[in-house]
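Numbers restart at 1 for each chain; the letters A, B, ... are given by sequence-line order, proteins then strands.
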Amino acid sequence: MTAVGGDQVAGDTYDARALQEKWQARWAKENPFAASEDPADDRPRRYVLDMFPYPSGDLHMGHAEAFAMGDVVARYRFQLGENVLHPIGWDSFGLPAENAAIKRDSHPAEWTYANIETQAESFKRYGIAFDWSRRLHTSDPEYYRWNQWLFLRFYERGLAYRKDGLVNWCPNDQTVLANEQVVQGRCERCGTEVVRRSLNQWYFRITEYADRLLDDMERLEGKWPERVLLMQRNWIGRSRGADVRFHIEGRDEPVTVFTTRPDTLFGATFFVVAADAALADELCAPEHRAEFEAYRAGVAKLTDIERQSTERTKTGVFLGRHAINPVNGERIPVWAADYVLADYGHGAIMAVPAHDQRDLDFAKAFDLPVRVVVETGEEDPDITGVATAGEGRLVNSGPLDGLTKTEAIPRIIEILAERGTGDAAVNYRLRDWLLSRQRFWGTPIPIVHCPDCGEVPVPDDQLPVRLPENLRGADLAPKGVSPLAAAADWVNTACPRCGGAALRDTDTMDTFVDSSWYYLRYCSPHTDTAPFDVEQVRRWGPIDQYVGGVEHAILHLLYSRFFTKVLYDMGLVDFTEPFTRLLNQGQVINQGKAMSKSLGNGVDLGKEIDEYGVDAVRLTVVFAGPPEEDIDWADVSPAASLRFLNRAYRVMAQAGAASEPGTDPAAGDLALRKATHQTLDKVTAAVEAQRFNVAIARVMELVTAARRAIDSGPGAADPAVREAAEVIAVTLSLVAPYVAEEGWERLGHTGSVAVGNWRTPDPALLVQESVTCVVQVASKVRDKLQVPPDISAEELERLALASEKVQGFIGERTVRKVVVREPKLVNIVVA
RNA sequence: GCCCCGAUAGUCCAAUAGGUAGAGACGAUGGAUUCAAAAUCCAUAAAGUGUGGGUUCGAAUCCCACUCGGGGUACCA
């Protein structure tokens, strides 16, 4: 190791591994990143949270990126001297642990907790500024006990309930899934095609909160990524329209349908009931029974993918019944079909083939009449097969004739309401959250089924209902019912109400329940009398900055928002949105493809760290581009990051060797001082705006400026060089904590650089005495002038016109107009 | 199909409220250093902003259409 630039400083290339060990030990001892609970501590409080990891193995590149981003935010807040809460824990219930246990003939806890330890060690090496004392694992009984407690509170409020219904069933994982966990007709985790099964399951009544979940998003505007808000809005899918009641011949009760186009009611030519709805079964006339049953059986066999294919031609059967259109008394045939969904609206529709493509496709398939009721000027849908949806006047619609859609909708609703056959109505695409799972490694549902008392909640003082510990390996294999059912001594229990023999509910909760409120538990992780200490949550909540991947855009984020609103209604939290700001970091990919084991193109985080060191890896992921964009590992260079860090380190080491801390920078080189303060100003702005890659570019400039000052300027001993080096250490600490600490120490400081060292730029050093003004003639740059920044428009115009170059370009032409944007631009418009 | 987002040197990316297209980096080329190489340092070249229109004194930035890429959603009545 030879010193460069003439300064003999020992070790001017840093040894990443040695620094990592040295500073990890120091941080472990000094605990600089613990949040203060002292009520007298009046520093601003800041809650920064990364979505907690699932312990699937060791940390990988994706974690490296996500946590590096979150740490920039947290460390910036630490540097500002704020009281920062930046905790870590594990989302440690879930299927992979169970599958591993089956394979290894062990208990899921073994695999889970071993992985957690591995990840914890890796996080420590990775240098994330966590408060380790708040660590939690959702699979601990001390944690999941409160899932049960919360479930019971939801149950008391009618927000947790059981119902029969068609549910998504994954044949591979042998469990039901929530709607949110079915992606394109496939199981979100294993990719198996999901089928529908009719089962009795537990649900959370999230639909009751649909309006609030939707409307409260207004307050997240500008603070959450626009696309996440959009995805949630679409997912909730509020549509406004009307409920219309149709009398069915031979049935006492009318059947209600929901429509967003009540204005087209006069165009309804048939009526369709979801084939798998109970209503279809009930309405079916005896002479059509056989045909209907055959049809229904065929539909039940289809997977969601087959069923949802838009290519598929419409199918259905006539039920041998007729409905009466409430506005014109027309008799229209009632059909059963699978294009109508049993669980949306009322599971039945009025079909208006002229103005709805699906209804038209059906009408064409079964030769049903098509009646145009909106004159849009488009071709006859009965001929073209294309339903018309444009604007136009209503026709063939009695009292609505001549009206536009916007006029007709309120009018028809009024008419329906007067006759008592309809009302304005709202429907949502969002369904209730199916929360039971037929798997082992999750939170047992704290309900006992008693032959006499029915469904009985387990009393709070008997919580937690612990998972049995004697099941392992093959005992956990999926059988279509929860493995818990096999634990006879666990299942058989006394009814909490009557004391008689009863059975425990054997399903476990969706693990998204765990993650819906974990952020609250961090505020008081050791509380054992409640899920969280209400006072502590009042102090810390809500989260100022949440960081995580877009894959949770609807799942976790929607559930967590729902939980927060319920807890607000219960008076346990005083805010209604859990995550004030959200940052979605991108993914790390390789050569254009997602990294995967099967492709064998994975980048191993451990190897990268061994080769380049933690700081270089962190710098690489943060510098690669805007945080929300994907990083292709083929496009980045950790080697280059390491080179830069060495350069920065050398500047700090040389400045440290040449001067003492506390040197007054005022006497230093003015140009470098200005560069330092400009950098500080720009880095602060970039970090605040979450443009971390730009912030790093600014630090790079300062390193270059300091390098030059040492080599060919005032030299390493100049106070301005020390000032620059210190600012380099402080700003670099957000991404390269080890180099920053070591550099800070080399600069002669004894404490950690990481906390409370951010500086405010000196405004006097930010003002520039002259700026470059561009003078354009006909929008082309023809001259540049050095002018004072506070120059007046008149003066600048005079100077610009006085320029010889400019005059040369104006020539004989007349000046029509002079646009002056002092102090940076003048544009002379010529004829 | 519908709805969003994006496209800037060979590559990744910058460009306050339209106002000099280049901050930073990778790579390339040349040079210094070296017996040579690595490392280090210095220098240079490189696009007119996906395409076509429009608004404007002036457009990467605003508007319209299209192309390509990415994402969401999929019979939601």
Side-chain angles (χ1 to χ4, degrees), chain A residues 1-5 12-13 183-185 225-235 237-239 241 257-261 264 272 274 304-305 307-312 314 337-341 343-352 356-359 361-362 427-431 550 553-554 592 620 623-626 628-632 634-637 639-641 643-644 646-647 650 682 685-686 689 691 693-701 703-704 707-708 711-712 772-784 816-821 824-830:
Chain A
M1 273 182 244
T2 318
V4 178
D12 56 4
T13 294
V183 179
Q184 316 222 300
E226 194 47 48
R227 65 167 169 163
V228 174
L229 295 176
L230 188 75
M231 281 162 74
Q232 291 216 359
R233 286 194 176 108
N234 290 342
W235 189 262
R238 178 162 61 195
S239 34
V257 300
F258 173 72
T259 175
T260 52
R261 293 294 305 276
T264 63
V272 190
D304 266 25
I305 293 198
R307 187 174 159 163
Q308 289 169 359
S309 165
T310 32
E311 312 290 289
R312 224 171 119 238
K314 295 273 179 290
D338 66 352
Y339 84 93
V340 172
L341 306 176
D343 58 354
Y344 182 78
H346 306 281
I349 62 157
M350 64 177 207
V352 184
D356 183 293
Q357 191 60 49
R358 297 155 300 180
D359 295 343
D361 292 344
F362 193 84
N427 249 286
Y428 304 89
R429 194 184 164 284
L430 181 72
R431 310 293 152 85
V550 254
I554 23 202
T620 301
F623 182 59
E628 59 279 2
E629 241 144 75
D630 288 350
I631 299 170
D632 193 325
D635 294 332
V636 298
S637 170
S641 299
R643 279 205 296 274
F644 163 71
N646 271 318
R647 228 179 308 144
R650 216 173 302 124
K682 289 177 177 168
R691 291 179 9 232
N693 54 326
V694 178
I696 291 168
R698 297 288 96 87
V699 181
M700 287 174 169
E701 288 176 289
V703 169
T704 302
R707 177 80 263 143
R708 290 218 175 98
D711 291 345
S712 54
T772 304
C773 174
V774 176
V775 184
Q776 299 174 328
V777 178
S779 303
K780 292 202 174 80
V781 180
R782 298 306 191 187
D783 199 8
K784 292 177 184 181
R816 271 187 142 176
K817 182 172 163 187
V818 180
V819 180
V820 182
R821 290 287 176 274
K824 295 183 77 176
L825 178 127
V826 176
N827 187 12
I828 297 162
V829 186
V830 290

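- Using P as the reference atom, B/A45 and B/A23 are 13 Å apart when rounded to the nearest Å.
- A/R227 contributes atom CZ, which lies 15.5 Å from atom CZ of A/R233 (distance to the nearest 0.5 angstrom).
- Rounded to an integer number of Å, the gap from A/Y428 OH to B/U73 C1' is 20 Å.
- Residue contacts shown for A/I828 are absent, as no nucleic acid heavy atom lies under 4.0 Å away.
- Anti is the classification of B/A37, since its glycosidic angle lies more than 90° from 0.
- B/G48 shows a glycosidic angle within 90° of 0 and is accordingly assigned syn.
- Not counting sequence neighbours, A/F623 has no partner by the ring-ring contact (aromatic ring centres under 6.0 Å, His included) test.
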Short N/O separations, protein against nucleotides 1-6 of chain B, under 3.5 angstrom:
none

If you restrict it to nitrogen or oxygen atoms, what contacts under 3.5 Å exist between nucleotides 58-62 of chain B and the protein, and what is each distance?
from  : atom 1 : to     : atom 2 : distance (Å)
B/G58 : O4'    : A/S779 : OG     : 3.2

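- Taking each heavy atom of A/T259 and A/R261 in turn, the nearest pair found is OG1-N, 2.9 Å.
- As a whole-Å value, the separation of A/E628 CD from B/C13 C1' is 12 Å.
- Only the C1' atoms considered, B/A15 is 11 Å distant from B/U49, to the nearest whole Å.
- The CD atom of A/E629 sits 14 Å away from the P atom of B/G70 (whole-angstrom rounding).
- Of the P atoms belonging to B/C13 and B/A59, the separation is 26 Å, rounded to the nearest Å.
- Residues meeting the salt bridge (charged side-chain N to carboxylate O under 4.0 Å, His left out) test with A/R647, sequence neighbours left out: none.
- For the pair A/I554 CD1 and B/G71 C1', the computed distance is 11 Å after rounding to whole Å.
- Here A/I828 contributes atom CD1 and A/S779 contributes atom OG; the two are 11.0 Å apart, rounded to the nearest 0.5 Å.
- Note: CZ (A/R816) to C1' (B/U56) measures 14 Å, nearest angstrom.
- Both tests do not hold together for A/K314 against A/F362: distance to the six-membered ring centre under 6.0 Å, angle to the ring axis within 45°.
- Where A/F258 and A/A778 meet RNA chain B, the nucleotide closest to each residue was compared, and A/A778 sits on the side nearer the 5' end.
- Between A/S637 and A/T620, every side-chain heavy-atom pair lies at or beyond the 4.5 Å cut-off.
- Closest of all the heavy-atom pairs between A/A553 and A/Q232 is O-NE2, 2.9 Å.
- Contact detail for A/T260 and A/S239: the closest heavy-atom pair is CG2-CB, 3.8 Å.
- The residue A/R782 sits apart from the nucleic acid: no heavy atom pair falls under 4.0 Å.
- Remark: the separation of the C1' atoms in B/A9 and B/G50 is 15 Å, to the nearest Å.
- Across all strands shown, A/K784 has heavy atoms under 4.0 Å from base atoms, whether or not it also approaches the sugar-phosphate.
- A distance of about 42 Å separates the P atoms of B/A43 and B/G53, rounded to the whole Å.
- Paired runs in RNA chain B that reach 3 or more consecutive Watson-Crick or G-U pairs, where each pair keeps both distances under 3.5 Å, cover B:1-7 with B:67-73, B:10-12 with B:24-26, B:28-32 with B:40-44, B:50-54 with B:62-66.
- For the atom pair A/K817 NZ and A/N827 CG, the distance stands at 9.0 Å (nearest 0.5 Å).
- Comparing atom distances between the A/R708 side chain and each of B/C42, B/A77, B/U73 picks out B/C42 as nearest.
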Subject >> side-chain contact (heavy atoms from CB on, under 4.5 Å) between A/T264 and A/M350, intermediate numbers included >> reply: CA-CA 10 Å; A/T264 63; A/M350 64 177 207; 3.9 Å; yes
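- Note that CZ of A/R691 and NZ of A/K682 are 11.5 Å apart. Values are rounded to the nearest 0.5 Å.
- In this structure, the nucleotide among B/A77, B/A15, B/G72 sitting nearest to the side chain of A/T260 is B/A77.
- Atom CG of A/L229 and atom C1' of B/G71 are 15 Å apart (whole Å).
- With B/U40, B/A77, B/A43 as the candidates, the nucleotide lying closest to the side chain of A/R650 is B/U40.
- Annotation: B/U51 and B/U44 have their C1' atoms spaced 33 Å apart (nearest Å).
- Distances shown here put every side-chain N or O of A/T772 at or beyond 4.0 Å from the OP1 or OP2 atom of B/U20.
- Sequence order on RNA chain B of the closest nucleotides to A/L825 and A/G345 puts A/L825 first from the 5' end.
- Here, B/U8 and B/U61 have their C1' atoms 12 Å apart, quoted to the whole Å.
- Between A/V272 and A/A337, the shortest heavy-atom contact is CG1-CB, 3.6 Å.
- Here the separation of B/U73 from B/G19, taken at their P atoms, is 37 Å to the nearest Å.
- Side-chain contact between A/Y344 and A/I349 is absent, with no heavy atoms from C-beta onward closer than 4.5 Å.
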**OP:** Between protein and nucleotides 23-28 of chain B, map the contacts as a letter string: B base, S sugar-phosphate only, - none, heavy atoms under 4.0 Å, written 5' to 3'.
**Re:** BBSSS-
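- Spacing between atom NZ of A/K780 and atom C1' of B/A21 amounts to 16 Å, rounded to whole angstrom units.
- A pairwise comparison of heavy atoms in A/A351 and A/D359 identifies CA-OD2, 3.3 Å as the closest pair.
- Rounded to whole angstrom, the span from the CZ atom of A/F362 across to the P atom of B/A77 amounts to 19 Å.
- Side-chain atoms of A/R429 lie closest to B/A74 of the nucleotides B/A74, B/U20, B/C57.
- Note that CZ of A/R698 and CG of A/N693 are 9.5 Å apart. Values are rounded to the nearest 0.5 Å.
- Taking the side chain of A/D338 as heavy atoms from C-beta on, and the options B/A77, B/U73, B/C75, the nearest nucleotide is B/C75.
- A close approach under 4.0 Å does not occur between any side-chain nitrogen or oxygen of A/K824 and OP1 or OP2 of B/G19.
- Of all non-hydrogen atoms in A/M700 and A/F644, the two that sit nearest each other are CG-CE1, 3.5 Å.
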